[in-house]
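See structure below.
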Amino acid sequence: MRLARDTTADVSVVGFGCDLVRARSRVVRQVLEAGGYHAVLWWDDDVIPRDLEIINRMLATGHDLVAAPYPQKLVYWEGAGGMAIDGHNAEWGAYKYPFQRSASRGEAVVHNACIDVDHVGMGFMLTTTAMLTKLWDAYSSTLSFGDVVQGKRNRTVAMFHLTLPDQSDPDGPLLSEDFSFCARARAQGY
């Protein structure tokens, strides 16, 4: 509600059942069609930031894609116990966060308060419309579909479409919509 009082922000609640691929793709189309927006804050209703100033800090990084990882919903008691035994805050080991960073990247380097990762959950992510436009253009020839809203078809790009594993390893994982989006963004240089 505090964010809704901010006159510099447009707040829209959008959903489409549990079909996140369609809902997120629809949001991109609607924002790009409307024009006039700088960024989209992807904020899942089950993610609750302690300090809304995080949004301004995310914008201040200047990155086209920036996310604030949030704890997953499962408590890892073993990790919490291990931290406590080592004399640290038990909460530091109690949670895992939805991001992946390949060890092949080497030591993490901070760029404007952020580190590069391979994939990150979209529960609290900010993307610029410039970046979304670039992805729209890059994938419109291979991932377009007719999104039907109130009986009208709208050409939409499914940039969140689930990515199948490389068929050289057919037992590889099916990427979630947010990790699939990150893979496509990374392929475009983000």
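Starting from 1, each residue takes its place in the sequence as its number. Just so it is clear, the values below take in all heavy atoms, side chains as well, and ignore hydrogens, waters and symmetry mates.
Leu52 is connected to Met58 through a chain of hydrophobic side-chain contacts under 4.5 Å among Ile, Leu, Val, Met, Phe, Trp and Tyr, so both are in one cluster. Residues Phe145 and Val157 do not share a hydrophobic cluster, defined by chaining ILVMFWY side chains whose heavy atoms lie under 4.5 Å apart. By the rule that hydrophobic residues join a cluster once side-chain heavy atoms approach within less than 4.5 Å of another member, Val28 and Val149 end up as members of separate clusters. A chain of hydrophobic side-chain contacts below 4.5 Å, direct or via other Ile, Leu, Val, Met, Phe, Trp or Tyr residues, connects Val110 to Tyr190. A continuous path of Ile, Leu, Val, Met, Phe, Trp and Tyr side chains, each step under 4.5 Å between heavy atoms, connects Met125 with Tyr37, placing both in one hydrophobic cluster.
Not one N or O on the side chain of Trp77 forms a donor-acceptor pair closer than 3.5 Å with the backbone of Gly81. Judged purely by atom type and a 3.5 angstrom limit, His38 has no side-chain atom pairing as donor or acceptor with the backbone of Leu59. Under a 3.5 Å cut-off, the side chain of Thr156 and the backbone N or O of Asn154 do form a donor-acceptor pair. Looking at Asp86, its side chain never comes within 3.5 Å of a backbone N or O of His88 through a donor-acceptor pair.
In this structure, CG on Leu65 lies 11.5 Å from CZ on Arg186, to the nearest 0.5 angstrom. Rounding to the nearest 0.5 angstrom, the gap separating the CG atom in Leu126 from the OG1 atom in Thr61 is 7.5 Å. With rounding to the nearest 0.5 Å, the separation of SG in Cys182 from CG in Asp118 is 9.5 Å. Rounded to the nearest 0.5 Å, atoms CD1 (Ile55) and CD (Glu53) are 9.0 Å apart. Rounding to the nearest 0.5 angstrom, the gap separating the NZ atom in Lys134 from the CG atom in Asp64 is 8.5 Å. Separation of atoms CE (Met159) and CG (Leu135) is listed at 5.5 Å; rounding is to 0.5 Å.
Between Gln188 and Tyr139 the shortest side-chain heavy-atom distance falls below 4.5 Å. Residues Asp44 and Phe124 are not in side-chain contact: their nearest non-hydrogen atoms beyond the backbone lie 4.5 Å or more apart. Between Leu132 and Val40 the shortest side-chain heavy-atom distance falls below 4.5 Å. Contact of the Met83 side chain with the Asn89 side chain is not registered, since no non-hydrogen atoms from C-beta on lie closer than 4.5 Å.
Enclosure of atom NE2 in His161 is not indicated, since only 12 or fewer non-hydrogen atoms of other residues, nucleotides or ligands lie within 6.0 angstrom. Within a 6.0 Å radius of CD in Glu33, other residues, nucleotides and ligands contribute more than 12 heavy atoms. When the shell of 6.0 Å around CG of Leu174 is examined, it contains more than 12 heavy atoms from other residues, nucleotides or ligands.
For Asp147 and Arg29, the salt-bridge test passes: some basic side-chain N is under 4.0 Å from an acidic carboxylate O. Looking at Asp178 and Arg184, no side-chain N of the basic residue comes within less than 4.0 Å of a carboxylate O on the acidic one, giving no salt bridge.
Taking every heavy atom of both residues into account, Gly121 and Ala67 meet most closely at O-CB, 4.2 Å. The two residues Leu162 and Glu177 have their closest heavy-atom pair at CD2-N, 3.3 Å. For the residue pair Pro165 and Gly172, the shortest heavy atom distance occurs at CG-O, 3.4 Å. Annotation for Val47 and Pro49: closest pair O-CD, 3.7 Å, computed over non-hydrogen atoms. The shortest non-hydrogen separation linking Ala90 to Ala84 is CB-CB, 4.2 Å.
Centroid-to-centroid, the aromatic rings of Trp42 and Phe181 stay 6.0 Å apart or farther.
Qualifying side-chain hydrogen bond (donor to acceptor under 3.5 Å, both in side chains) partners for Gln150, counting only residues two or more places apart in sequence or in other chains: none. In this structure, the side-chain hydrogen bond (donor to acceptor under 3.5 Å, both in side chains) partners of Arg155, at least two apart in sequence or on a different chain, are Ser144.
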